[in-house]
Each structure stands twice: as structure tokens, then as C-alpha cells.
Amino acid sequence: MQLSEQELVRREKLAKLRALDINPYPADLFPVNHTSKQVKDKYEDGKKVIIAGRLMRKKIQGKASFGEIQDSEGRIQVYFNRDEICPGDDKSKYNELFKKLLDLGDFIGIEGELFTTQVGEITINIKDFKLLSKALKPLPLPKTDSDGNTYDEFNDPEMRYRQRYADLVVNPHVKEVFVKRTKLFNAMRNFFNDAGYFEVETPILQPIPGGAAARPFITHHNSLDIPLYMRIANELYLKRLIVGGFDGVYEFSKNFRNEGMDRTHNPEFTAMEIYVSYKDYNWMMDFCEQLLEHCAIAVNGTTEATFGEHNINFKAPYARVTMADSIKHFTGFDITGKTEDEIRQTAKDMNIEVDETMGKGKLIDEIFGEKCEGNYIQPTFITDYPKEMSPLCKEHRENPELTERFELMVCGKEIANAYSELNDPIDQRERFEHQLKLAEKGDDEATEFIDHDFLRALEYGMPPTSGMGIGMDRLIMFLTNNQSIQEVLFFPQMRPERKQVEMTEEEKTVFEILKSNSPIDLNNLKSQSGLSNKKWDKTIKGLTSKKVAKVLKNDDGLFVEII
RNA sequence: GACUAGUUAGCUCAGUUGGCAGAGCAUCUCCCUUUUAAGGAGAGGGUCCUGGGUUCGAGCCCCAGACUGGUCACCA
């Protein structure tokens with residue numbers, strides 16, 4: 001492990017602290033009684049406070065210094081005065097411990113009294129402080145001036161995602177996104193609980209992955225000696241609970257899909273699904289718009305939100321458009337009563353890529369996706385989807401080609417999907433079988449499964465039920481104006497970092513020669529190694545930087561010596 | 001998967017025609033008792049993403065690869 005100069009310096013300081021009998025990682029509780037925010041909100045001149053946090057600014061001015069402590073709520077300025085901290089003759093706590101051995105990023109605990117500086121900043125006059133935890137790695141140090149300009153911002157996405165801990169420490173706006181994320185979950189949970197619905201948990205490891213068309217992750221259970229799939233959706237389990245007699249159940253579910261990754265897809269993501277008995281999709285639309293209005297206010301204090309160039313308003317009610325009307329509106333083509341071939345030809349005429357594996361529903365979905373979807377900026381319910389692409393949804397009460405389904409579109413993206421749930425077990429079995437045929441028709445190797453246990457549950461009888469799923473990650477992207485899902489996940493999936501090798505093969509070879517013959521003439525060693533010029537240069541520089549060898553120059557020439 | 005941009009000090013970034021590796025902040029040393037990204041003086045700090053090639057000489061040119069971002073496609 002190669003350490004930078006600054007890391008080495010901090011390790012030396014660690015040793016010095018121990019030599020002074022100061023434990024850099026003490027175990028004892030520190031009796032914090034204020035946060036930085038409480039200090040500012042409840043300011044009283046001369047008030048005694050005890051706070052703790054990271055030292056994030058250290059400006060030494062001789063016998064007194066200013067610093068800044070960052071805790072979970074923000075930052076507060078602190079004032080280190082030598083004679084306050086060291087009232088006696090021994091000034092070492094200020095001169096040594098504070099000035100020389102404390103670094104930015106260290107956790108310290110502080111006891112002091114509040115005052116306001118001449119420039120009007122609330123500050124803690126430190127009476128005593130204690131090192132609580134030493135930081136061995138320097139944090140990035142973004143700075144902001146009084147005009148709001150930032151300097152040295154820690155902004156490389158790769159590093160921010162890989163080292164989210166550092167990102168959170170130095171970028172308060174990043175932390176704010178995750179605070180809002182949790183507010184969203186709490187608001188939604190409260191809304192459901194107030195409505196009398198019941199939060200449940202269902203299996204993540206499933207013998208049959210159901211409830212969506214997606215490629216699952218497969219794992220293996222050793223004792224049972226069977227494959228298990230990580231869930232792609234929780235729909236079929238929640239409906240089993242409606243069969244079991246709950247009026248309303250919901251779950252925030254981590255789902256896993258073994259598919260591509262991009263700025264809107266992470267292999268694991270969070271969906272919320274809710275099922276309410278004796279309701280239909282019309283009721284669910286009302287419920288959905290009330291819910292989102294409530295959530296937007298809980299998160300941002302307003303129903304309005306900015307997303308990129310768009311201003312969106314989550315205030316209910318939202319426009320409702322059937323899919324057929326939407327396609328008619330944006331293309332002039334009326335899909336009602338048309339055959340599969342007519343629709344395929346129309347799609348081709350619109351220059352939409354289609355192939356023979358696509359059924360009628362898929363073709364309609366392609367046309368909608370290509371020509372309509374992107375136009376819905378304000379929250380809009382698209383209703384009445386073709387039957388073929390909705391195998392878990394009840395047939396439309398007025399048109400057997402359609403289903404009672406809606407999706408909520410915002411900024412051209414789907415954020416909610418809901419049905420009047422199919423509860424006819426015979427129809428459901430036929431739809432599953434039809435899906436199986438579609439999967440066989442397409443060359444996609446993703447196998448479809450028929451969940452016979454789910455059908456058995458339906459055969460016991462499920463009350464009329466409406467269900468809805470909401471993509472939580474996408475919703476929070478809209479509410480925090482982030483274009484990338486990685487920005488709203490603490491730890492987005494990343495390719496593994498490349499491991500640093502201790503010593504390359506070439507370095508080992510040269511080191512072996514050196515071990516039996518040191519010091520040795522540099523050119524002699526080079527020819528013995530048999531390396532190319534460039535490779536030799538890299539190798540010898542590698543060895544010297546690792547401090548296992550050094551190059552000596554004297555009157556007789558250049559020599560390499562083992563250290 | 002395709003296209004495209006990037007990878008240089010702890011952080012943010014320069015780097016000219018191929019000729020000693022640069023700046024600001026951070027770090028280290030010294031001075032400074034109410035400062036506001038920013039006091040003064042001095043010093044140290046580099047696997048220029050990796051591997052190969054061209055060349056007397058490569059951060060720079062050529063080839064291959066890695067990782068990341070963006071756009072598109074695929075996938076919900």
C-alpha cells in the first residue's frame with residue numbers, strides 16, 4: 001500500500017499522540033448536549049455548550065485560532081484561544097495538540113461558551129477540547145466564498161459514487177438529496193398508514209420470479225439444492241395477502257433485475273407496491289394523485305418541482321387520457337378495431353422498428369413509446385392499455401381488447417403503474433399460458449414461468465382489488481431534480497476497483513537479482529533483467545518509490561542498492 | 001452494444017512543435033489573540049490510468065486494453 005506524503009504525516013502524528021499518552025480513538029462516551037444547529041437556533045451569549053464533530057477549518061493566527069466543526073446538522077465556528085484552553089503555564093495542549101497534531105477531518109469534542117465575533121458570526125469560545133477520532137486520510141476540501149462560488153469542488157462522479165462517505169462529508173447538497181429521499185418514504189408510509197393499510201414484507205429469494213417481465217438474478221440454495229431467484233417484483237405475493245384477508249397491503253420492495261445499467265437503471269432498485277381490496281383503477285387514480293401531492297409537499301414544501309428544463313406541478317387532479325386517444329392525438333391513427341397486421345404496417349409507415357415477434361399489444365406500446373410518451377410533461381394518467389401487454393390486469397369492463405390499467409407519466413417517464421387486478425383464476429391461467437407462447441415466439445431466452453401457487457391462491461377467491469406500483473428512485477429523481485439514478489442511491493452499483501499489486505512480476509524479478517547481489521552496477525542489473533528500456537525505467541522507478549531499492553551515484557558510476 | 005469525452009500532486013485543473021512535470025487550495029517549517037473561499041515568508045509533494053510501439057528522447061504521436069461520464073440503442 002503506497003501512502004501519500006499527507007497520509008504518512010498523519011500516521012506520524014498518530015504515533016506522537018500515543019507517545020503523549022493521548023488515545024486517538026478513545027472508547028468513552030462524549031456528553032454532547034447541542035448540535036451546531038441548536039447552537040445557532042437557541043443562541044444566548046455566554047451559554048455553555050458541549051458539541052462534537054469533524055474539524056473542517058483550521059485557521060491559526062498565532063496564540064488564537066478559528067476553526068469550524070461539522071456535525072450532522074451543519075457547521076459551527078469555534079475559537080481556540082491559547083490561554084483559555086491552557087490557563088496554567090503548560091501551553092502544550094494548544095501549541096502541540098491543537099496546532100500540530102490535529103488535522104482537518106479529525107473528530108473532536110468541545111466544551112465552550114457562546115459569543116459573537118466582531119464580524120457577527122456565532123462562535124464557541126473553547127474552554128476544553130478532546131480528540132475523539134483521528135482521520136488518517138485527508139478529505140477533499142471544497143470551499144465556498146460569500147458569493148456562493150465554489151472552489152475545488154469534489155465533483156468527479158466516479159469518485160463520489162465509489163467513496164460516498166467522503167461525498168456526504170464534503171457536499172451538503174448531496175446529503176440533502178438523501179434526507180429528502182427518506183422524507184419521501186416516511187410521507188408515503190404515513191399516508192398509507194393513515195388510510196388504514198398494512199405494511200408487510202414478502203420474500204426476496206423466490207423459487208419463481210414473477211410479477212414482471214425481466215431477467216432475474218439466479219442464486220442457489222445449498223440445503224434445498226434448488227435455484228432461487230432474487231425478486232423482480234413483489235406483486236404476486238402481495239395479492240396472496242389480499243386473498244388472505246387484508247384490506248390493504250403495501251411494501252417498499254428492493255427489486256433486482258439482471259439487465260443493463262445506465263443513468264436510469266441500477267441492478268437493484270426500490271419500488272413501492274400497494275393493493276387495496278374492493279377498489280378499482282378509477283379509485284386508484286384519485287388515490288395516486290392525492291398521494292403524490294402529499295409526498296411532494298412533505299419533501300419540498302410545495303407541489304411544484306423543477307426537473308431539468310421542466311417545471312412540474314404535483315397538485316391534484318391530473319389529466320387522464322386513454323392510450324387510444326393519445327395515439328390518435330399524436331399520430332392521427334385510430335387503433336380501435338384494427339388487426340395486428342394493420343397496426344404493424346402503420347408502425348412501419350411511422351418508421352418505427354418492428355419485427356414479426358411483436359404481438360398487437362407490443363406494437364401499440366411501441367407506437368405509444370415512440371410518438372406519445374415523451375410529450376407528457378405534467379403528471380398525466382394514461383389509461384386502458386391493450387390486453388396483451390398486461391397479463392395481470394383485469395379486462396376492461398367496456399372493451400374486451402383493453403385492460404383497466406393506468407400509468408402515470410411525468411416528464412415523459414413512467415413513475416406509477418396500476419390495475420384493476422385480475423382475480424379470475426381461469427382467465428389468469430390462460431393469460432399466463434398466452435405469455436408463455438409470446439415468450440416462445442420471441443427468441444429472447446428469458447424464460448417465462450407459471451406460478452401455480454399464485455393461481456391456487458386466486459382459486460380460493462380474491463376480492464376485487466386495485467394495485468399500484470411506484471418507482472421510488474425515479475420519483476425521488478423528479479423531486480430532487482437529479483437526472484441520474486446514481487445520484488439518489490447511496491451506493492450505486494459500480495464495476496469493482498482494480499486491485500493494486502504489491503509488486504509487479506518485473507519488479508519481483510529485478511528484486512531477486514538485487515537480493516543476491518547488492519549493490520550492483522545499474523547497467524549490469526538492467527542487462528541481467530532483460531527488460532526493454534521503457535519497462536526497465538518503470539520497474540526501477542517502481543522499486544525506488546516502494547523504498548525497497550535505491551540508486552546511488554558516485555565517481556565509479558550508477559549503482560543500485562537494496563534498502 | 002454503438003458513438004463520444006475524459007483519466008496528470010490529497011482536491012480542482014493547466015501542460016505550447018515530442019526536449020528538466022506546472023498552478024491554486026491542501027500539507028510541512030517560521031511569524032501572527034475576534035478571522036470569513038483568500039494574513040505574511042519559505043519548503044516538500046508525481047505509477048502523467050495500464051500494457052506495447054515509434055523515437056536519441058513520449059504526459060504529448062501510434063496500437064491494444066481498463067475505468068468513468070455523456071448521448072443513443074436494448075431493457076422496464
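Every chain is numbered from 1, with letters handed out A, B, ... down the list of sequences.
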Tell me which nucleotide, if any, is Watson-Crick or G-U wobble paired with [N] when both distances must be under 3.5 Å.
| N | value |
| --- | --- |
| B:rG6 | B:rC67 |
| B:rC72 | B:rG1 |
| B:rG45 | none |
| B:rU17 | none |
| B:rC61 | B:rG53 |
| B:rA38 | none |

Requested in this report: Verify whether the ring centers belonging to A:Phe256 and A:Phe269 lie closer than 6.0 Å.
Outcome: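 Judged by ring-centre distance (under 6.0 Å), A:Phe256 and A:Phe269 do not meet the cut-off.
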Whole angstrom value for the distance that separates [atom2] of [N] from [atom1] of [X]:
| X | N | atom1 | atom2 | answer |
| --- | --- | --- | --- | --- |
| A:Lys13 | B:rC28 | NZ | P | 4 Å |
| A:Asp145 | B:rA37 | CG | P | 6 Å |
| A:Gln6 | B:rG44 | CD | C1' | 11 Å |
| A:Phe80 | B:rC32 | CZ | C1' | 17 Å |
| A:Arg215 | B:rC75 | CZ | P | 11 Å |
| A:Asn155 | B:rU7 | CG | P | 13 Å |
| A:Arg160 | B:rC67 | CZ | C1' | 17 Å |
| A:Glu370 | B:rC72 | CD | P | 12 Å |

Candidates [options] - which lies nearest the side chain of [X]:
| X | options | result |
| --- | --- | --- |
| A:Pro138 | B:rC28, B:rC75, B:rG10 | B:rG10 |
| A:Met494 | B:rU36, B:rU68, B:rC75 | B:rU68 |
| A:Lys143 | B:rU12, B:rA38, B:rC11 | B:rA38 |
| A:Leu104 | B:rU27, B:rG70, B:rU33 | B:rU27 |
| A:Arg495 | B:rC67, B:rC30, B:rG10 | B:rC67 |
| A:Ala64 | B:rG69, B:rG10, B:rU33 | B:rU33 |
| A:Arg263 | B:rU33, B:rC72, B:rC13 | B:rC72 |
| A:Tyr79 | B:rC11, B:rC67, B:rU34 | B:rU34 |
| A:His265 | B:rC75, B:rA73, B:rC11 | B:rC75 |

Requested in this report: Take the angle between the ring planes of A:Phe368 and A:Tyr376 and call it parallel below 30°, perpendicular above 60°, tilted in between.
Outcome: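 Rings of A:Phe368 and A:Tyr376: parallel, under 30°.
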With a 4.0 Å cut-off on heavy atoms, is [X] in touch with a base, just the backbone sugar-phosphate, or nothing at all?
| X | value |
| --- | --- |
| A:Asp83 | base |
| A:Gln486 | sugar-phosphate |
| A:Glu373 | base |
| A:Ile60 | base |
| A:Arg57 | base |
| A:Glu5 | base |
| A:Arg474 | nothing |
| A:Lys58 | nothing |

Query raised in the report: Under 4.5 Å between any side-chain heavy atoms of A:Leu292 and A:Ile415, yes or no?
Result: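 In short, these two side chains touch, coming nearer than 4.5 Å.
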**Report entry** NZ (A:Lys413) with more than 12 external heavy atoms under 6.0 Å
**Finding:**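 Result for NZ/A:Lys413: open.
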**Report entry** Side-chain donor or acceptor of A:Asn482 paired with backbone N/O of A:Phe478 under 3.5 Å
**Finding:**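 No, the answer is negative, given that no donor and acceptor are paired below the 3.5 Å cut-off.
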Query raised in the report: Checking side chain to side chain donor-acceptor pair (under 3.5 Å) for the pair A:Glu7/A:Ser4: CA distance, chi angles, key distance, verdict?
Result: CA-CA 5 Å; A:Glu7 289 171 310; A:Ser4 70; 3.2 Å; yes
